[in-house]
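So that the names make sense, note that chain A is the first sequence line, chain B the second, and so on, each numbered from 1. Quantities reported herein were computed from a predicted structural model and do not represent experimental measurements.
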Amino acid sequence: MTDTHNPPTAELPAAYDPSAVERKWQARWEERGTNHTDLSGPRPYYTLMMFPYPSAEGLHVGNLFAFTGNDIHGRYQRMRGHTVFEPLGYDAFGIHSENYALKVGVHPTELIPRNIANFRRQLRRAGLMVDWRYELSTTDPAYYKWTQWLFLQLYKRGLAYKKKGAVNWCPFDKTVLANEQVINGACERCGTQVEQRFLEQWFFRITDYAGRLLDNLDRLDWSESTKTAQRNWIGKSEGAELSFRVQDFMEFAGSATATGGGASGEVTAKPVDITVFTTRADTIFGATFLVLAPEHPLVEELTTSEQRGEVDAYRAAAARQDIVTRKVNKEKTGVFTGAYAVNPATGKPIQIWIADYVLMEYGTGAIMAVPGHDERDFEFARKFGLPTPRVVGRDAHDTAPPTDAAFTENVSGVLVNSAPFNGLTVPEAKHAIVAWLAERGAARPVVQYRLHDWCISRQRYWGPPIPIVYCDACGPVPVPESELPVVLPPLEDFKPDDSGVSPLARDEAWYRVPCPRCGKPARRETDVSDTFLDSSWYFLRYPSAGRDDVAFDPEITRRWLPVNSYIGGNEHAVLHLLYSRFVTMVLHDAGLLAFEEPFTRFRAHGTIIREGAKMSKSRGNVVNPDEYVERWGADAFRTYLMFLGPYEEGGDFRDQSISGVRRFLDRLWASVHEAVRDGEPDAAVMRKLHQTIRKVTDDIPALSYNTAIAAMMEYVNVLRAHERRPHAAEVAPLVQLVAPFAPHAAEELWEVLGHSSSVFDGGWPAFDAALAAEESVTVAVQVNGRTRGTVQVPKDAEQPAVLEAAMAEPTIAKFLTGSPKKVIYVKNRLLNVVV
RNA sequence: GCGAGAGUGGCGUAAUUGGUAGCCGCGCAGGAUUUAGGAUCCUGUGCCGCAAGGCGUGGGGGUUCGAGUCCCCCCUCUCGCACCA
């Protein structure tokens, strides 16, 4: 066999050497400012990637996967004529960094800059189109000055407040843990059982925005999975608050033993109601007892003397439980308080219990138990021998109490044993009963959210100090904006301790300050704020990075925000993305932003596993990008990451498979170097080229990077299959298509093709439908729905011609016995003959 | 338990959205070149079968001329949330 593909040895081009090419172009980009964004340029396009936490291990392949996908999008938008802004920074504050610093015994002020330097090196090797002039780190006082400013804006608007809250406390590490750091009731670091503590904490009133955060989702161009996660997290439920009067119980107002003031020993008393939240007001006739959370404030007063001992013991046990253990499904427990309340629908007295399956944080901390129609109440009633009457049936005759399980049908069910509402459907009865009770002041419709206010206090060291000063005379006083930043002191011993207060409380010289209002001695807040506050506004900062006078410049912000495209991991579907939306809304309401949603478009990328298993240090299967970049080149590595699976789903990283992508780049390299300018391009090749342009142009904005790469590989195979040198016109557009994926190689090949400016300023290849059109098509021929062969016919051929061609094909014709009963013809695609 | 998503060759994946299942890549087999290895190039590669043909997209049923795709039931896996009244 003769091999005419390769030109004679003398003409062989230099082999593709990625490390040389990549070094050359990274230097040249730097020199020429190729990646610098002119913020006043035309058609601004802001593409954002979730900034990394600079870990000591260095860049994770997952980071690179995320960033490469963003970078391709940004480079593509630039080639389409936008001025693209693609910034990157470091989310370097927080418990991760601090814990690591503790572990290795290096102070974070030393460790973090070292990690950032390593990240910066790795990121630059990856060839991202990032304008590093706008790089930022959340640990920089010039940044967190404005994080503190942001806190003050919320404080000013009454959206930041302090209250006692339950927190997770690890007795071994002597620190507060976030809920995410508690795994099955144990500390994620040391495995110690976590305890519950009550500490004074700063909260943001995100619940005030629950409705808007939910409603706006409908209008956002975001991944559906992310929107669903936010909807579930916000957890809207529409129901009613119902009042149950406590029997024979009065709350005494005023004092029976009034001292002075001419009190006459008069006693005023008012009846006490227990308010419950329910979404099933229709079942009130079946409410046979009430259950209060153990912490419910009324429990203390309600409990009868006979029940006191048992109730107190139960409450004490509940208080000892940590938050997580309490939430796992377990057998129902509870105690009767000895008190009774009146069911407002039946007028009958019902028992009041306490049980830890009722949560104080949700609704009113009290429920009406309807054991016939709620699984949890059923289980509880079962355990304590309480009745489970039926008030909703499959039909009007279905009146016997449920025996095996609660009957929870809430749409088609019909009311029974609930005169005068018998016969109504559940939805009808909900309205009717709430209206009926409301007339007597015993009900009001209520919308409940499961979203809680955002606790931003951290009793830790490595974060921005919360800018508040406590003064005995003035109370809590915000630090004046002109005095920001409140700089984090260089504390030698930053280890958290058992005291439940931040290590900053050890630095007396730091926390003792005069009150900003009255000048008397006062003390600083020693808690720092949550890392999620740092990241809730970083996208506002980038275009104004370096500005000392404002958090974000109004003019620049008007031009560059909201963000056009945001791509990131779905692990931030709720926290970071929800907090960012909240902060943006607050700043909008404060008149500081014109928009209330920060990210016009968000897409969640997938995750990468390795050879079928999750990557983890313990498995020892973590990909170190440096090794791969070294061996295959950044371009091949980037392209492989984009090729290994659908970007929004992720995929399986297999070392062997990179070679295929590298071969593709080698073949591309050879084709460009062999290209000739004489003569005409081949029509069939040009047809395939334009089909490829169409495919890649459609696929990139849809993030279908893997199929775009497959299409380009197919085209290269076509180029190489012809026993001729390719024409320059056949390869130049391919270099442009490849450029977002393999930017260094593309620049080099673009130069080889005679261009002196960057391929990223050379536009995007135009698709020509006429050139892409096929003149003949392959039509599948089926007989009775089974494929029996294909025929080649002119494009847009009509049915009779195709049928005739099919009959002429012996392998098909032998199945066409007798006259066709029916013929289905799909133009250019398929002919199905039913005989 | 609830919510979201996914099950396709030996493997990673693709399928014009109801129209030839398996594009592209890895791997594998044979061949060319090479002192050898590597690299490169060519050919083949879903399964059974010498072939004709049959079978085939987690399992079972259905709709349709036609189903990976639509409908019903079941199984498995991944990721969230988890006593939210």
### Query
Is any side-chain N or O of A:R829 under 3.5 Å from a base N or O of B:rU20, one able to act as donor and the other as acceptor?
no
### Query
Taking syn as any angle within 90 degrees of 0 and anti as the rest, which one fits B:rU34?
anti
## Note on the structure
chi for B:rG9 classified (syn = within 90 degrees of 0, anti otherwise) as syn
### Message
Any non-hydrogen side-chain atom of A:L415 less than 4.5 Å from a side-chain atom of A:V391?
### Response
no
### Message
Considering every strand and a 4.0 Å limit on heavy-atom distances, what is the contact class for A:T778: base, sugar-phosphate, or nothing?
### Response
base
### Task
Tell me what A:Q782 touches on the nucleic acid: a base, only sugar-phosphate, or nothing, going by heavy atoms under 4.0 Å.
base
### Summary
With both pairing distances under 3.5 angstrom for Watson-Crick or G-U wobble, and | for a partner in another strand, the correct string for RNA chain B is (((((((..(((......[....)))((((((.......))))))(((....)))..(((((..]....))))))))))))....
### Message
Between A:Y628 and A:F653, is the ring centroid distance below 6.0 Å?
### Response
yes
### Message
Using the C1' atom as the point on both nucleotides, what is the distance between B:rA67 and B:rG60, in whole Å?
### Response
15 Å
### Query
So does A:N832 get a side-chain nitrogen or oxygen closer than 4.0 Å to the phosphate oxygens (OP1/OP2) of B:rG19?
no
### Summary
Contacts of A:R786 and A:N706 projected onto RNA chain B by closest heavy atom; the upstream (5') one is A:N706
### Summary
Between the CZ atom in A:R382 and the OG1 atom in A:T388, the distance rounded to the nearest 0.5 Å is 7.5 Å
### Partners meeting ring pair (Phe, Tyr, Trp, His ring centres under 6.0 Å) with A:F380 (sequence neighbours left out)
A:F289, A:W353, A:Y357, A:F384
### Task
State whether the number of non-hydrogen atoms from other residues, nucleotides or ligands found under 6.0 Å of A:E774 atom CD is greater than 12.
yes
